[in-house]
2 protein chains.
Amino acid sequence: MLSDVMEDYLKAIYVLQTEDGPPVSTSSIAERVGKTPPTVTSMLETLEEHGLVEREKYKGTELTAEGRTVALEVLRHHRLLEAYLAEHLDYSWSEVHDEADALEHHISEEFERRVAAVLGDPAVDPHGDPIPGEDLEPPVDDDVRPLTEVAVGDRAVIARVSDRDDEELEYLDRAGITPGTAIEVLDIAPFGMVTVEVNPEADGGDTDTDTDAGDVDGTATDSDAGREQSLPEAIAASVRVRPVDGATDTVATDAGVGGA
Amino acid sequence: MLSDVMEDYLKAIYVLQTEDGPPVSTSSIAERVGKTPPTVTSMLETLEEHGLVEREKYKGTELTAEGRTVALEVLRHHRLLEAYLAEHLDYSWSEVHDEADALEHHISEEFERRVAAVLGDPAVDPHGDPIPGEDLEPPVDDDVRPLTEVAVGDRAVIARVSDRDDEELEYLDRAGITPGTAIEVLDIAPFGMVTVEVNPEADGGDTDTDTDAGDVDGTATDSDAGREQSLPEAIAASVRVRPVDGATDTVATDAGVGGA
DNA sequence: TGAGAGAATTAGACGAGTCTAACGGAAGTA
DNA sequence: TACTTCCGTTAGACTCGTCTAATTCTCTCA
């Protein structure tokens with residue numbers, strides 16, 4: 001009923017608005033969906049006519065309640081598919097994104113239900129992104145921040161990684177940086193290079209949180225204990241972590257809810 | 001690269017040309033894809049420009065080798081998906097068609113390979129339709145004929161049922177007429193009503209053939225032995241059977257390879 | 001052989017989604 | 001306040017896939 005294209009725009013707006021707060025700019029949408037700004041303007045008019053977004057000309061756009069519901073439905077499809085592909089078709093978590101993008105608009109509600117059922121209604125996908133529930137309420141997600149905003153010496157658990165850049169994902173995978181992994185920040189150098197210890201001796205807190213990703217492909221295990229990894233700023237900024245109890249509360253900017 | 005729409009036309013032409021032989025008429029394609037004849041004409045021009053069909057104006061259309069390969073690829077996707085949905089997501093064989101139709105254009109080659117692998121490279125889908133191999137050579141399928149063309153008293157095994165009409169499929173499902181089931185034709189009445197015995201005492205031949213569907217949902221089992229079922233002509237004509245050794249060779253018209 | 005029926009094609013329009021080029025508004029800076 | 005720059009919107013065109021209405025072709029049958 002709504003076209004795939006419309007759904008893609010709504011999904012993009014939802015993610016942008018979760019990351020940076022509403023309203024979102026035409027150009028940021030354009031960049032995310034890979035279209036030109038005039039194209040986006042014209043699509044936003046269409047979406048507005050359908051009651052899915054509200055716009056203030058030259059200012060920005062935000063989703064209506066209805067638009068958000070549609071976006072969450074698509075996101076639920078996407079993330080359930082990612083989880084399913086990783087769990088049942090032997091995909092690694094760095095491979096699932098494109099396949100899920102292609103399928104998310106075309107699965108039925110029945111398919112969604114059955115996939116959710118065989119997965120046991122998972123709370124997060126393999127990248128650590130929260131999967132919206134069947135009620136399509138926006139998932140809340142406190143206390144998650146970019147790795148770049150953790151203080152040196154603090155411990156944290158990887159909450160999620162971006163799902164949009166294959167190379168970056170491969171890099172993180174090799175480094176053992178996967179959702180659910182415990183880390184300690186050893187150093188933050190000039191220009192933002194972050195050095196972490198992967199799986200420091202387990203005394204700093206609980207490695208498994210309530211929204212654990214389930215160690216989908218088994219790449220990083222306790223045998224990685226104590227490895228040191230240095231991450232360029234660009235990559236560290238896209239890694240979200242959940243501080244372990246007792247960690248210093250640092251910079252309190254927007255905590256962000258990246259990924260798609 | 002080719003659009004979904006083009007793939008749908010090619011698939012339709014393939015099936016029609018398998019059923020009735022080339023060339024296929026514009027109006028039969030129109031009926032199958034649910035579009036008007038002028039729309040079909042214009043799409044056929046496009047497909048011809050792409051080297052996927054050959055046409056003789058006012059006469060008919062047939063696939064080129066390249067067009068056939070594309071059609072077989074789509075058909076392989078469709079039927080693998082049907083098999084997968086039935087086997088791993090608990091769909092009944094009467095439910096899988098629409099879901100497979102929606103997904104067949106959007107799965108990657110990687111997905112195709114993985115699905116085929118976990119299924120163990122099945123030869124047929126849950127409706128009994130042959131699944132083209134990875135080589136995309138046209139599956140050959142001798143000795144299969146409509147149920148209406150079996151002589152009274154002969155035994156046969158259900159080879160396949162149409163996958164396109166939900167009501168009809170439910171009817172057959174309830175009647176225990178599923179791919180792999182043995183039957184004996186008891187009577188063919190005026191107006192084509194066919195009466196069969198489902199699972200006659202097993203001495204007439206092998207119930208499992210080389211291309212067995214694998215009894216996907218377990219609906220019809222040997223406990224149905226001896227049930228009599230009468231099928232209206234319209235339904236019986238869409239059920240394809242493979243005669244059991246020793247059966248009379250009857251009408252030798254086109255044997256057909258229905259389904260999608 | 002010619003008329004009529006039925007099928008296919010041509011003609012022309014339209015909506016969706018996209019683009020480039022040109023214009024206009026918003027916001028900071030001199 | 002006026003300039004400048006960046007961003008967003010408007011204008012206008014294009015492609016794709018579709019439709020309806022009108023035309024043309026093919027084939028059969030008298």
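Within every chain, numbering begins at 1; the chains are lettered A, B, ... in the order of the sequence lines, protein sequences first and strands thereafter.
The phosphate of C/dA8 has OP1 or OP2 within less than 4.0 Å of a side-chain N or O from B/S27. Phosphate proximity of D/dG17 to B/S3: present, with a side-chain N or O under 4.0 Å from OP1 or OP2. Note on A/Y9: a side-chain N or O is less than 4.0 Å away from OP1 or OP2 of C/dT18. The side chain of A/T46 places no N or O atom within less than 4.0 Å of a non-bridging phosphate oxygen (OP1 or OP2) of C/dG17. The phosphate of C/dT18 has neither OP1 nor OP2 within less than 4.0 Å of any side-chain N or O from A/S42. Distances shown here put every side-chain N or O of A/R55 at or beyond 4.0 Å from the OP1 or OP2 atom of D/dG8. Note on B/K57: every side-chain N or O is 4.0 Å or more away from OP1 and OP2 of C/dT9. OP1 or OP2 of C/dC19 sits under 4.0 Å from a side-chain N or O of A/T36.
Atom CE in A/M43 sits about 4 Å away from atom P in C/dG17, given to the nearest Å. Taking atom CD of A/E49 as the reference point, atom P of C/dG15 lies 13 Å away to the nearest angstrom. As a whole-Å value, the separation of A/E48 CD from D/dG8 P is 16 Å. D/dG17 atom P lies 13 Å from atom CG of B/L44, rounded to whole Å. We find that OH of B/Y58 is positioned 14 Å from C1' of D/dC27, with the value rounded to whole Å. Rounded to whole angstrom, the span from the CD1 atom of A/I29 across to the P atom of C/dT18 amounts to 13 Å. Remark: P of D/dT26 and NZ of B/K59 are 6 Å apart, rounded to the nearest angstrom. Taking atom CG of B/L10 as the reference point, atom C1' of D/dG17 lies 15 Å away to the nearest angstrom.
Residue A/T39 is in base contact, counting any heavy-atom pair closer than 4.0 Å across all strands shown. B/E45 comes within 4.0 angstrom of the backbone, heavy atoms only, and of no base.
One side chain, A/S108 or B/E99, offers a donor N or O that lies under 3.5 Å from an acceptor on the other.
Here salt bridge (Lys or Arg N to Asp or Glu O under 4.0 Å) pairs that include residues 105-115 of chain B, with residues two or more places apart or in two chains, are A/E95-B/R114, B/R76-B/E112, B/E110-B/R113, B/E110-B/R114.
For A/T26, the side-chain atoms get nearest to D/dG8 when compared with the rest of D/dG8, C/dT10, D/dG17.
In this structure, A/H106 has its ring center no closer than 6.0 Å to that of A/H77.
Taking 4.0 Å as the cut-off between side-chain N and carboxylate O, A/D129 and A/R240 do not count as a salt-bridged pair. B/R164 and B/D166 are not joined by a salt bridge, as no carboxylate oxygen comes within less than 4.0 angstrom of a charged side-chain nitrogen.
Both A/P38 and B/E56 lie close to DNA chain C; mapped to their nearest nucleotides by heavy-atom distance, the more 5′-ward contact belongs to B/E56.
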